[in-house]
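Let me begin by presenting the structure, written as structure tokens, before commenting on it.
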There are 2 protein chains.
Amino acid sequence: MPASKTKGHAAVCPISNERVELLVTEIIGRVADKWTMLILEELEQHGTLRFTEVRKCVPGISQKMLTQTLRQMERDGIVLRTVHPVVPPHVDYELTELGGCLGEAFCGVWQWAEKNFARIEKSRAAFDKRAEKAATKTAATR
Amino acid sequence: MPASKTKGHAAVCPISNERVELLVTEIIGRVADKWTMLILEELEQHGTLRFTEVRKCVPGISQKMLTQTLRQMERDGIVLRTVHPVVPPHVDYELTELGGCLGEAFCGVWQWAEKNFARIEKSRAAFDKRAEKAATKTAATR
DNA sequence: CGGGATCCTTAAGGATACTG
DNA sequence: CAGTATCCTTAAGGATCCCG
């Protein structure tokens with residue numbers, strides 16, 4: 001169990017630690033988002049993509065969410081957005097180096113999900129069965 | 001750049017691959033959640049915690065979200081919930097082995113956030129400055 | 001084509017009150 | 001103590017239209 005998480009930072013950096021932790025937490029909250037992760041994954045796999053291409057790669061995402069998420073990622077320095085001043089417009093998206101690092105960091109989570117999805121499904125089924133039993137029992141009691 | 005993400009699964013497993021991908025995506029969506037990650041982190045760091053203790057460790061979480069998230073995690077087999085039949089009630093939460101693995105997988109993301117939060121802040125500031133400039137320019141034009 | 005602006009609907013999430 | 005149940009508010013997110 002690797003111990004160097006947020007707490008490990010304390011000894012190193014003297015600047016207000018609650019602030020750092022809040023910041024890190026906020027970043028985690030921003031980055032640990034469904035669409036962000038999916039877009040990240042696609043850009044990592046395909047390299048550079050245009051707006052419409054990203055949209056095709058991420059099924060189910062609305063144009064609004066795509067724009068919004070890409071903007072956030074651009075703002076955070078995860079994605080590089082290049083506008084080619086031609087008509088009709090041509091906009092390219094690609095990961096920055098920072099974004100690439102994040103992609104690699106998330107890789108472990110993807111692998112975890114891939115490796116364990118069957119276990120998770122089983123656990124869910126078992127949980128639901130127990131819950132159902134409990135429910136019928138409660139119904140019988142009253 | 002490790003290439004074995006969802007796509008890498010294709011060659012190994014013959015069962016409907018879209019289904020697997022959907023499942024994995026769904027799991028990612030579930031697990032890549034702010035509260036889930038924070039609770040995971042606390043349980044990994046403290047071992048076993050009671051309901052109220054978790055609540056204290058995760059500032060800002062409402063009791064509703066805490067219950068809800070813990071239930072989801074229990075259902076997914078990430079967290080083990082132990083009820084001691086005493087009065088007043090005593091309920092313990094701890095990570096399962098599966099949960100521990102997930103914690104380790106997420107560790108990379110935490111480290112990424114810790115390492116790069118300054119860069120991200122700078123990127124955001126720069127982005128906002130550019131946006132502001134663009135806005136005043138637009139305002140001047142009309 | 002790549003969005004911005006607007007409207008509208010659903011759902012996430014907080015506050016409060018009650019219970020075994 | 002560790003929840004469940006209810007209400008209520010905010011905001012996420014989809015659909016639509018339009019524009020450079």
Side-chain angles (χ1 to χ4, degrees), chain A residues 25-26 29-39 42-43 48-75 79-94 127 130-131 134-135 137-139 141-142, chain B residues 25-26 29-39 42-43 48-75 79-94 127 130-132 134-139 141-142:
Chain A
T25 300
E26 192 269 344
R30 164 76 46 88
V31 135
D33 163 72
K34 189 189 171 188
W35 297 129
T36 305
M37 288 204 57
L38 294 177
I39 293 174
E42 294 305 327
L43 286 179
T48 303
L49 288 176
R50 301 181 57 170
F51 186 83
T52 317
E53 291 172 338
V54 182
R55 192 172 182 181
K56 264 180 242 163
C57 288
V58 183
I61 194 170
S62 69
Q63 158 264 16
K64 183 184 179 181
M65 277 302 101
L66 182 53
T67 306
Q68 206 169 103
T69 310
L70 282 171
R71 280 294 129 74
Q72 300 276 13
M73 293 171 83
E74 187 195 359
R75 190 172 105 100
V79 146
L80 180 65
R81 176 169 175 265
T82 315
V83 183
H84 299 93
V86 294
V87 41
H90 182 126
V91 181
D92 281 330
Y93 292 94
E94 61 191 307
F127 182 92
R130 268 177 288 157
K137 211 182 247 180
T138 312
T141 312
R142 53 176 155 165
Chain B
T25 300
E26 192 270 344
R30 164 76 46 87
V31 136
D33 163 74
K34 188 189 173 188
W35 297 130
T36 305
M37 287 204 57
L38 294 176
I39 294 174
E42 295 305 327
L43 286 178
T48 302
L49 288 176
R50 299 182 59 170
F51 185 84
T52 317
E53 291 172 337
V54 181
R55 193 172 182 181
K56 264 180 244 164
C57 289
V58 183
I61 194 168
S62 68
Q63 155 266 16
K64 183 184 179 181
M65 276 302 101
L66 181 54
T67 308
Q68 204 169 104
T69 310
L70 281 171
R71 281 294 130 75
Q72 299 277 11
M73 294 172 83
E74 187 195 359
R75 190 172 105 100
V79 147
L80 181 64
R81 177 170 176 265
T82 314
V83 183
H84 298 94
V86 295
V87 43
H90 181 125
V91 181
D92 281 329
Y93 292 92
E94 60 190 310
F127 182 93
R130 268 177 287 158
E132 202 184 324
T136 53
K137 208 182 250 179
T138 312
T141 314
R142 53 175 159 174

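Throughout, a chain's letter reflects where its sequence line sits, starting with A, and its residues are numbered from 1.
The two residues A/M37 and B/A32 come nearest to each other via the heavy atoms SD-CB, 3.6 Å.
Along DNA chain C, the nucleotide nearest B/Q68 and the nucleotide nearest A/L70 are compared for position; the residue whose nucleotide lies closer to the 5' end is A/L70.
Contact check for A/E42 versus A/V58: side-chain heavy atoms found under the 4.5 Å cut-off. Side-chain atoms of B/R50 and B/V91, non-hydrogen and from C-beta on, never get closer than 4.5 Å to each other. Between A/E74 and A/L70, every side-chain heavy-atom pair lies at or beyond the 4.5 Å cut-off. Two residues are said to be in side-chain contact when any heavy atoms from C-beta on lie closer than 4.5 Å; A/V79 and A/E94 fail this criterion. A/V54 has its side chain within reach of A/L66: a pair of non-hydrogen atoms, C-beta onward, lies under 4.5 Å apart.
The stretch residues 50-66 of chain A touches DNA chain C through A/R50, A/F51, A/T52, A/Q63, each having a heavy atom within less than 4.0 Å of the strand.
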Apply side-chain contact (heavy atoms from CB on, under 4.5 Å) to residues A/F51 and A/T67 and explain how you reach the verdict.
CA-CA 8 Å; A/F51 186 83; A/T67 306; 3.5 Å; yes
Starting from the C-alpha separation in whole Å, work towards a yes-or-no answer on side-chain contact (heavy atoms from CB on, under 4.5 Å) for A/H84 and A/D92.
CA-CA 8 Å; A/H84 299 93; A/D92 281 330; 2.9 Å; yes
Could you walk me through whether B/M73 and B/R81 satisfy the side-chain contact (heavy atoms from CB on, under 4.5 Å) test, starting with their C-alpha distance in whole Å, then the side-chain angles of each, then the deciding distance to 0.1 Å, before giving a yes or no?
CA-CA 10 Å; B/M73 294 172 83; B/R81 177 170 176 265; over 6 Å; no
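Between A/I39 and the options A/I61, A/L49, A/D33, a side-chain contact (heavy atoms from CB on, under 4.5 Å) holds for only A/I61.
In this structure, B/R81 does not reach the D/dA2 phosphate: none of its side-chain N or O atoms is under 4.0 Å from OP1 or OP2. Contact annotation: B/Y93 reaches the phosphate of D/dG3 (side-chain N/O to OP1 or OP2, under 4.0 Å).
Between its two ends, the helix from C/dC1-D/dG20 to C/dG20-D/dC1 turns its axis by 50°, counting five pairs per end and rounding to 10 degrees.
When DNA chain C is scanned 5' to 3' for any atom under 4.0 Å from a heavy atom of chain B, the first and last hits are C/dG13 to C/dG20.
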